[in-house]
Amino acid sequence: LRTWQHVVLVRSGEKATLYLNGVEEVTDTLASTHRNSGSAFLGGRSDNFANLEGRMDEVAIFDRALTPDEVAAQFAASGVTNEAQN
């Protein structure tokens with residue numbers, strides 16, 4: 001609560017990996033319905049479904065999947081500390 005977190009979602013084909021503060025937390029296969037939807041929602045949808053309760057800052061969308069080393073470098077540059085996880 002009231003702590004900044006560095007969150008990265010990397011999608012490569014049907015594989016999705018979620019990183020929290022530079023550490024891989026979850027890797028899974030996406031359902032086929034999510035592969036080519038062409039839509040992305042950040043913070044919530046216009047119909048107020050599953051809205052984010054919090055704040056976002058410095059959002060970036062890349063046109064390729066980041067490597068684990070690139071995710072770690074992004075986290076190191078973010079200024080967020082791993083103390084946020086404790």
Side-chain angles (χ1 to χ4, degrees):
L1 185 64
R2 299 179 200 269
T3 303
W4 285 105
Q5 305 289 332
H6 184 265
V7 180
V8 176
L9 175 65
V10 175
R11 180 178 149 200
S12 180
E14 293 184 4
K15 179 183 171 187
T17 304
L18 179 76
Y19 296 85
L20 179 62
N21 296 331
V23 178
E24 182 180 322
E25 292 289 322
V26 177
T27 297
D28 206 348
T29 302
L30 296 173
S32 62
T33 57
H34 293 99
R35 277 188 288 169
N36 295 311
S37 67
S39 298
F41 300 95
L42 302 172
R45 298 188 329 196
S46 61
D47 62 359
N48 290 323
F49 174 78
N51 287 335
L52 171 72
E53 186 175 328
R55 297 181 182 179
M56 289 190 291
D57 187 34
E58 299 186 34
V59 174
I61 299 175
F62 295 84
D63 62 356
R64 62 179 177 77
L66 298 179
T67 67
D69 287 342
E70 290 173 318
V71 171
Q74 290 282 327
F75 171 67
S78 73
V80 175
T81 65
N82 269 325
E83 295 173 15
Q85 288 184 298
N86 297 330

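In this chain, residues are counted from 1 in sequence order.
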Subject >> Sequence-distant partners of Asp57, side-chain hydrogen bond (donor to acceptor under 3.5 Å, both in side chains), two or more places apart >> reply: none
Subject >> Test salt bridge (charged side-chain N to carboxylate O under 4.0 Å, His left out) applied to Arg64 - qualifying residues, sequence neighbours left out >> reply: Glu70
**OP:** Identify, with sequence neighbours excluded, every residue that meets side-chain hydrogen bond (donor to acceptor under 3.5 Å, both in side chains) alongside Thr27.
**Re:** Thr17, Glu24
Subject >> Those residues that, when tested against Phe75, pass ring pair (Phe, Tyr, Trp, His ring centres under 6.0 Å) (two or more places apart) >> reply: His6
**OP:** Under the side chain to side chain contact (heavy atoms under 4.5 Å, CB included) rule, collect the residues that match up with Ala16, sequence neighbours excluded.
**Re:** Leu9, Leu30
Original post:
How far does CZ of Phe62 sit from CD of Gln74, to the nearest 0.5 angstrom?
Top reply: 4.5 Å
Original post:
Should Leu18 and Val8 be counted in the same cluster of Ile, Leu, Val, Met, Phe, Trp and Tyr side chains packed under 4.5 Å apart?
Top reply: no
Original post:
Run the side-chain contact (heavy atoms from CB on, under 4.5 Å) check on Glu53 and Asn51 step by step: do they pass?
Top reply: CA-CA 6 Å; Glu53 186 175 328; Asn51 287 335; over 6 Å; no
Original post:
Does the side chain of Gln5 come within less than 4.5 Å of Thr3's, by heavy atoms?
Top reply: yes
Original post:
Can you name the side-chain hydrogen bond (donor to acceptor under 3.5 Å, both in side chains) partners of Asp28, sequence neighbours left out?
Top reply: none
Original post:
Which heavy atom in Met56 sits nearest to a heavy atom in Val59, and how many Å separate them?
Top reply: CB-CG2, 4.1 Å
